[in-house]
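Reading through the structure tokens given below for one structure.
Note that ligands are numbered from 1 as they come in the structure, with each ligand's atoms numbered from 1 the same way.
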Amino acid sequence: MTAVEMSPKLVGSDPPPRRMPLFGLGKALRKHPFPTIPPQAYQAPVLKVPTPGGQRFYVVSDPAGVKRILLDHVANYPKTERERRFFSAMFGDGLLSTDGDMWRAHRRTMAPSFSPPSVASYAPAMAACAEAFRQRWDQAPEGAEIDVAEAMTDLTLQIIARTMFSTDGADVAGVVRGTMEKAMEQLDFNILDILPVIGEHRFKARERRIEAIFAEMDGAIARMIAERQADAEGGPQDLLARLIAARDGETGEGMSPKEIRDQVVTIFLAGHETTAATMCWLWYLLSQHPQVEARLHVELDQVLGGRTPGHEDLAQLPYARMVVDEALRVYPAAPGLSTRMALEADEICGVKIPKGAMIAVAPWIQHRHEALWDDPGRFDPERFAPGVERPRFAYMPFGGGPKVCIGAQLAVTETLLILATLAQGYSLALRPGHEVEILQKITMRPRGGLPMILRRRRR
Ligand code: HEM
């Protein structure tokens, strides 16, 4: 048995409870992102799950079934109205909360900012932010304890502010961070939320609270947009410039201030929280798998020899890429996609799906499905060695189909550059005795932060 196989048990690696834990749900949620989904979902291609409200609810895990929902028959499976409303309380009509013509037009406008050449052009800024961070760590005494969750959030916020909006983010980033934390506190759904009248009442009250929470951030973003619009020379050609310059192909009209705000908020929030969470899980996984970390260090030392990585180095770091891909399998930062609804009756993998049924497709379940992965709870980057094949839609940390994450390539590049920069100088150890738990609120992070000890590497 290799040392990887003997590694300690990871949070979330136990199967979910056999019965829905109506009592003690809070405790179960600390160990598992979806404790109410029965363990059969990790074995069956399609599973009908009983719900307290009696809705028809199916979990689809078979890759062909997932492809049907997200790609082949995508028009039959829009996001549910409830999820759309929930996202639009925060993001207005940003990409995450829209479908149809508006979504298509805005996605087309924004796509060039996420193209491979654009992503490559962000690499120097990403690496510079990570390098500045490493220098900050250099000031800390050996063995200092840091909250990695806080550190990674600071870093990814800086990166998104610089690359997408060409600001150092100092003024906006603090506000974004505070807003995000308070908004997340509003995601405390419980059984009352699915009751007909009370549920609606609670939803409206939550929408009002979220609106108030976003007021300060909206002000900061409005100033950022106004400053750019007032810049006679047009300013840098970034995502913000693209949103301001976009014109409708038929009417020639530009995007309204509210439309621009909605996309800026969406990218600010969706673009940093997920990457920060991924970095946290990576540090945690490396701390629990010293042989993987050692092999990563060898690769980094050989290819980079202590210097800051550039985009051109990434192709020379295949093991780092395998580690990142496997971390995104074991801990996908967005463990469940938005729930979809069947507009018309359908059949998936021989199971009849009635009209109006709710459909869950969850990267977490796909990635831990027993028919798709051997010993799925084990962290093993070799699964992503070049040449290893797997069915399309078995692995989907960024979703799939037309609504696939627009920032997928940016996120992988950013994660690799941060990892390569910081792991060259540091190995992080979990605070002794600290038990990592899960906090699942759209994204999945370590609950209560991630206390780790800074250990300088001697090469
Ligand atoms: C590791 C990091 C990330 C993960 C795991 C992730 C995951 C996802 C997933 C699973 C979806 C699909 C949601 C659904 O279908 O319900 C999504 C959508 C989206 N993501 Fe990401 N994401 C990451 C990073 C980013 C970054 C860096 C950005 C922007 C800079 C971004 C912006 C978006 C947007 C705007 C959408 C909505 C796309 C659309 O509907 O057209 N994400 N993301």
Identify which protein N/O/S atoms are less than 2.8 Å from atom 21 (Fe) of ligand 1.
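Those protein N, O or S atoms (cut-off: under 2.8 Å from atom 21 (Fe) of ligand 1) are Cys405 SG.
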Would Tyr42 and His369 count as a close aromatic pair, with their ring centres under 6.0 Å?
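Here the rings of His369 and Tyr42 have centres that are no less than 6.0 Å from each other.
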In ligand 1, which numbered atoms sit nearer than 4.0 Å to a non-hydrogen atom of [X]?
X	answer
Lys79	16 (O)
Phe114	29 (C), 30 (C)
Trp103	39 (C), 40 (O), 41 (O)
Arg340	14 (C), 15 (O), 16 (O)
Ile160	30 (C)
Pro397	5 (C), 7 (C), 10 (C)

Just grab all the side-chain hydrogen bond (donor to acceptor under 3.5 Å, both in side chains) pairs involving residues 328-338, residues at least two apart or on different chains.
Glu326-Arg329
Kindly say whether [Y] contributes a backbone atom to a donor-acceptor pair with the side chain of [X] at under 3.5 angstrom?
X	Y	result
Asp147	Leu450	yes
Thr98	Met102	no
Ser287	Ala429	no

Is [X] close to ligand 1, meaning an N/O of one under 3.5 Å from an N/O of the other?
X	value
Glu414	no
Ser338	yes
Thr275	no
Thr278	no

Protein heavy atom at shortest distance from [atom]:
atom	value
atom 13 (C) of ligand 1	Leu337 CD2, 4.1 Å
atom 38 (C) of ligand 1	Arg107 NH1, 3.4 Å
atom 12 (C) of ligand 1	Lys403 O, 3.8 Å

I need the single residue from Lys355, Arg340, Arg68 that forms a salt bridge (Lys or Arg N to Asp or Glu O under 4.0 Å) with Asp346. Which is it?
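Single pass found, and it is Arg68.
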A side-chain contact here means heavy atoms from C-beta on lying under 4.5 Å apart; do Glu273 and Arg445 qualify?
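A side-chain contact under 4.5 Å exists here.
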Tell me, do Thr421 and Pro309 make a side-chain contact under 4.5 Å, heavy atoms counted?
yes
Aromatic rings His289 and Phe379: how do their planes relate, parallel, tilted or perpendicular, breaks at 30° and 60°?
tilted
Residues [X], [Y]: salt bridge by 4.0 Å N-O rule:
X	Y	value
Glu81	Arg84	yes
Asp262	Lys258	yes
Asp380	Arg383	no

